[in-house]
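Chain identifiers are assigned alphabetically (A, B, ...) following the order of the sequence lines, protein sequences preceding nucleic acid strands; residue numbering begins at 1 within each chain. Just so we're clear, the structure is a prediction, and the values are computed from it rather than from any experiment.
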Protein chains: 4
Amino acid sequence: MDETPIRQRDAVRTRAELLDVATEVFADSGYSGARIDEIARRTRTTKRMIYYYFGGKEQLYLAVLEKAYRGIREKEQTLQVQDLDPAESLRRLAELTYDHHLENTEFIRLVAIENIHRGRFIRQIDSLRDLGKPALGLLEEVLVRGREDGTFRADVDAVDVHLLISSYCVFQVANRYTFGHLFDLDLDAAENRDRLRRVIGDVVVAWLTAAARTAE
Amino acid sequence: MDETPIRQRDAVRTRAELLDVATEVFADSGYSGARIDEIARRTRTTKRMIYYYFGGKEQLYLAVLEKAYRGIREKEQTLQVQDLDPAESLRRLAELTYDHHLENTEFIRLVAIENIHRGRFIRQIDSLRDLGKPALGLLEEVLVRGREDGTFRADVDAVDVHLLISSYCVFQVANRYTFGHLFDLDLDAAENRDRLRRVIGDVVVAWLTAAARTAE
Amino acid sequence: MDETPIRQRDAVRTRAELLDVATEVFADSGYSGARIDEIARRTRTTKRMIYYYFGGKEQLYLAVLEKAYRGIREKEQTLQVQDLDPAESLRRLAELTYDHHLENTEFIRLVAIENIHRGRFIRQIDSLRDLGKPALGLLEEVLVRGREDGTFRADVDAVDVHLLISSYCVFQVANRYTFGHLFDLDLDAAENRDRLRRVIGDVVVAWLTAAARTAE
Amino acid sequence: MDETPIRQRDAVRTRAELLDVATEVFADSGYSGARIDEIARRTRTTKRMIYYYFGGKEQLYLAVLEKAYRGIREKEQTLQVQDLDPAESLRRLAELTYDHHLENTEFIRLVAIENIHRGRFIRQIDSLRDLGKPALGLLEEVLVRGREDGTFRADVDAVDVHLLISSYCVFQVANRYTFGHLFDLDLDAAENRDRLRRVIGDVVVAWLTAAARTAE
DNA sequence: GATGAATGAGTGTTCATTCAT
DNA sequence: AATGAATGAACACTCATTCAT
């Protein structure tokens, strides 16, 4: 099946390895803090190859960023909540998002790094523009079902719900160190996770159902 | 009245100026990305003074971090919500926090940077340990009032409410660039602010009042 | 014959040149006083190369130290005194050592520098541990021959003889400036050398033969 | 008796303290390696005072050097060997010199440092020129007595004997680290001192008496 | 006489990158 | 396609010293 010549297959593998290691290093140290030398050292190749395959530090970072975003969106596509009632679907969606974020700390860190740089790099990756929107589709679907059966208030946008859920879940990962230090609470500890996951479910359901009930 | 010698007054001013400029530069470029030379250049003094007053890049960053946290907590102390009923107090608190964060983007950025470094620096500043806890006092007070008059559910902790509000408000600032790029929504735009502020108020009130009503 | 690529041959030459110049500069100015910039300036390359080839100032100094010691020991191996009677062999050995030291002032200076640093650097060079011992072999041989034919006293160790000779010869070079200033005697002047060389020969022969005669 | 005003007495004490600490630091680290800041830190005053009292690093070092040499010569004046026969006097002188050097390692180190700098500093201190010569007086006296009673050979100069003894004794201190490393012999260890002291006594007596006996 | 504040010039080191085959 | 050698520019930091009262 795979008729790619050995040399080329190696090239592909080398490229992939560089990308993986670079992802780790950038996520770990930030863009300025990451060292080309360290990336190379953690690889079976030399740093010369980074220039050969990617052209430079910035292009390598761009490749890391694009791959990370694509990977995360692909995983999101697999969420399944259709067979539940609207409120339960919403709660489920929030809690799956919560788990999803805790499992992808590397990605969340890359996003934080990118924001430190005011989105200077992501703005260069056109293919990522509006990449988020499809992710709203599933949420929108749930909201429509909830509005139709009168469970959910009608004045809340899918993007606002997404913003709320994302904020909460991203914060757990992105701000875990300062929050932990100041409030003496380990957001990453297993014993807190169930409660923290339930909170975001409770919150979104309460929010979406609140006004609806009020309107009764 | 002020008999401090001129030279010493200058010293205080020079130190303060260095700290202010360093705050800007670190918030702008991160720890690794910040340049001692740039900080000095933007000042009336030379980079030699950074070593004279602070000892080095790391100590300067630590001073920046401590000052930023102290400043933010002092501002928080001035919030006033006592004369409102529990739900309105809570909404008010959330919305004031929202404004507060949007006005202190530099601080939020420093916090993000610190988290990229896994809290390595903040951990060295003992005076900041548990600095957050007093900030919970006001919120706790509101929750107690709400529980007492039956408005609020009793099973929600102040720290969890604070986590929810902080997440939402921090995200607005910290993730504004990537979120804006992916969802084509400018979280910083004036035309969105009122709605976004109202959301967090609605959310916390809905959440805290939801179970109470349910319990009826 | 030599199929080493030009680039690599250059590399070897560049490294060697750096080492030679560094030897001069360290011997001249001591470890702290030596300047990386000056070493580079006296070379066809840049100071960047010092870091490329050696890693830093300390490693360069270590390389200088090791090379200097190895060079000196290699030269010592070439001494020939077998065909003389014990007393003449000993005198010859002392006088050759004398000449040897006067010809290697750079090495003696490096040794003095290293002692100022309490042997902190040489202790890191395992390959130099016990490097001196082989140097004792030749001397030991002469002493044995002298003891066997009754010329030499039997209660003197080779290492003690070596210590005496070394002391005298090293002092000529290492303390030449202060001794010259205080006693108005130029230890380096050609007109003094013959007498000073004869002294150490006389001394060791007198010492080793003294007790033997006494024992008669 | 001492009517010096308090302020001036303090000045004298401060100067003396600076000199003592500077002696330690220079002897420890060499001229380039010594730090003005460290000297000040180990003092009850500030580094500004070094400039006030001495003018700069070089002048401080010169003061240290002069004081060290004067101190050492004063101690040497106290040696007493008159009441022994020539050979025993000579042996005694060599062994006292040996002890003297082992007790003044700081001075020996300063001398080594000065030689590293090719006597550049000591040459500026005219008062030290020929300071050594008086030290030869005692030795000269012994040699004369020995020649007169036929014990000592007549063709050996006091300065040559002094050179031999000095070489041996200085080496014990100045080269103790490298010699120890290469020959695995601790020149500073108590268990070696008696033997090493006896060696220099044996050597000079053997040397001075050898030719005399030969001449018989 | 005494001193806290300030500093210019350099010091060892590191960075991402390109040269030359 | 692949690579070992080389590098300019910048980097954080330190030194002995002087300013200004």
Side-chain angles (χ1 to χ4, degrees), chain A residues 5 7-8 10-11 14 31-40 45-61, chain B residues 5-15 32-40 44-60, chain C residues 5-12 14-15 32-40 44-61, chain D residues 5 7-8 10-11 14 31-40 45-61:
Chain A
R7 286 291 278 254
Q8 277 189 37
D10 280 1
T14 298
Y31 181 73
S32 307
R35 296 287 165 255
I36 289 282
D37 273 300
E38 196 196 344
I39 295 170
T45 61
T46 67
K47 103 173 129 162
R48 191 62 192 73
M49 288 298 93
I50 290 170
Y51 290 87
Y52 191 64
Y53 283 118
F54 296 92
K57 185 180 186 177
E58 179 160 344
Q59 292 97 311
L60 177 59
Y61 175 71
Chain B
I6 288 174
R7 299 282 293 218
Q8 279 190 35
R9 248 194 349 252
D10 279 4
V12 168
R13 210 178 63 184
T14 300
R15 222 192 105 97
S32 307
R35 296 288 167 249
I36 288 283
D37 275 300
E38 195 196 346
I39 295 171
R44 281 174 303 105
T45 60
T46 66
K47 91 172 142 171
R48 184 61 190 74
M49 287 294 93
I50 289 170
Y51 293 89
Y52 185 63
Y53 282 118
F54 297 93
K57 186 181 186 177
E58 178 160 344
Q59 292 99 308
L60 177 59
Chain C
I6 288 176
R7 297 282 293 217
Q8 276 189 38
R9 251 202 337 260
D10 281 1
V12 168
T14 300
R15 220 192 106 99
S32 308
R35 296 288 167 250
I36 288 283
D37 275 301
E38 195 196 343
I39 295 171
R44 282 174 302 104
T45 60
T46 66
K47 90 173 145 169
R48 183 62 190 76
M49 287 294 92
I50 289 170
Y51 292 88
Y52 185 63
Y53 282 119
F54 297 94
K57 184 181 186 176
E58 179 159 345
Q59 292 99 307
L60 177 58
Y61 176 72
Chain D
R7 287 290 278 255
Q8 279 191 34
D10 280 2
T14 299
Y31 180 74
S32 307
R35 296 286 166 255
I36 288 284
D37 273 300
E38 195 196 346
I39 294 169
T45 61
T46 67
K47 102 173 131 164
R48 190 64 193 71
M49 288 298 93
I50 290 170
Y51 291 87
Y52 192 64
Y53 284 118
F54 296 93
K57 185 181 187 178
E58 180 161 343
Q59 292 98 311
L60 177 59
Y61 175 71

Next item on the list: Write down the distance between CD (Gln59(B)) and P (dA12(F)), rounded to a whole number of angstrom.
Entry: 14 Å
Next item on the list: Whole angstrom is fine here: how far is it from CG in Leu60(C) over to P in dG12(E)?
Entry: 11 Å
Notebook entry, point to check: Rounded to the nearest 0.5 Å, how far apart are CD1 of Ile39(A) and CZ of Phe54(A)?
Noted result: 9.5 Å
Note to self: Does Ala40(D) reach a base, just sugar-phosphate, or nothing at all? Heavy atoms under 4.0 Å.
What the structure shows: nothing
Next item on the list: Provide the Watson-Crick or G-U wobble partner of dA20(F), both distances under 3.5 Å; none if there is no partner.
Entry: dT3(E)
Notebook entry, point to check: Could you state the CD1-C1' distance from Ile36(B) to dA12(F), rounded to the nearest angstrom?
Noted result: 7 Å
Checklist line | Euclidean distance, atom CZ of residue Arg15(C) to atom P of dG4(F) [Å, nearest integer] | finding: 18 Å
Margin query: Distance to the ring centre below 6.0 angstrom and angle to the axis at most 45 degrees; does that hold for Lys57(B) and Tyr51(B)?
Written below: no
Item checked: Nearest heavy-atom neighbours spanning Gly33(A) and Ser32(B) -> CA-OG, 3.5 Å
Margin query: Distance check needed: dG12(E) P versus Ile39(C) CD1, whole Å only.
Written below: 8 Å
Notebook entry, point to check: Among the nucleotides dA2(F), dA12(F), dG12(E), which one has an atom lying closest to any side-chain atom of Tyr53(A)?
Noted result: dA2(F)
Notebook entry, point to check: What's the CG-C1' distance between Asp37(D) and dA16(F), to the nearest Å?
Noted result: 9 Å
Item checked: Members of residues 45-52 of chain C that approach DNA chain F, where some heavy atom sits under 4.0 Å away -> Thr46(C), Arg48(C), Met49(C), Tyr52(C)
Check: Whole-Å distance between dA10(F) P and Glu38(B) CD?
Finding: 14 Å
Checklist line | OP1 or OP2 of dT14(F) under 4.0 Å from side-chain N/O of Arg35(D) | finding: no
Next item on the list: Nearest whole angstrom, please: distance from the C1' of dT17(E) to the NZ of Lys57(A).
Entry: 12 Å
Notebook entry, point to check: Thr45(B) pairs by side-chain contact (heavy atoms from CB on, under 4.5 Å) with which of Met49(B), Arg48(B), Lys47(B)?
Noted result: Met49(B)
Check: Rounded to the nearest 0.5 Å, how far does CD1 of Ile50(B) lie from OG1 of Thr14(B)?
Finding: 11.5 Å
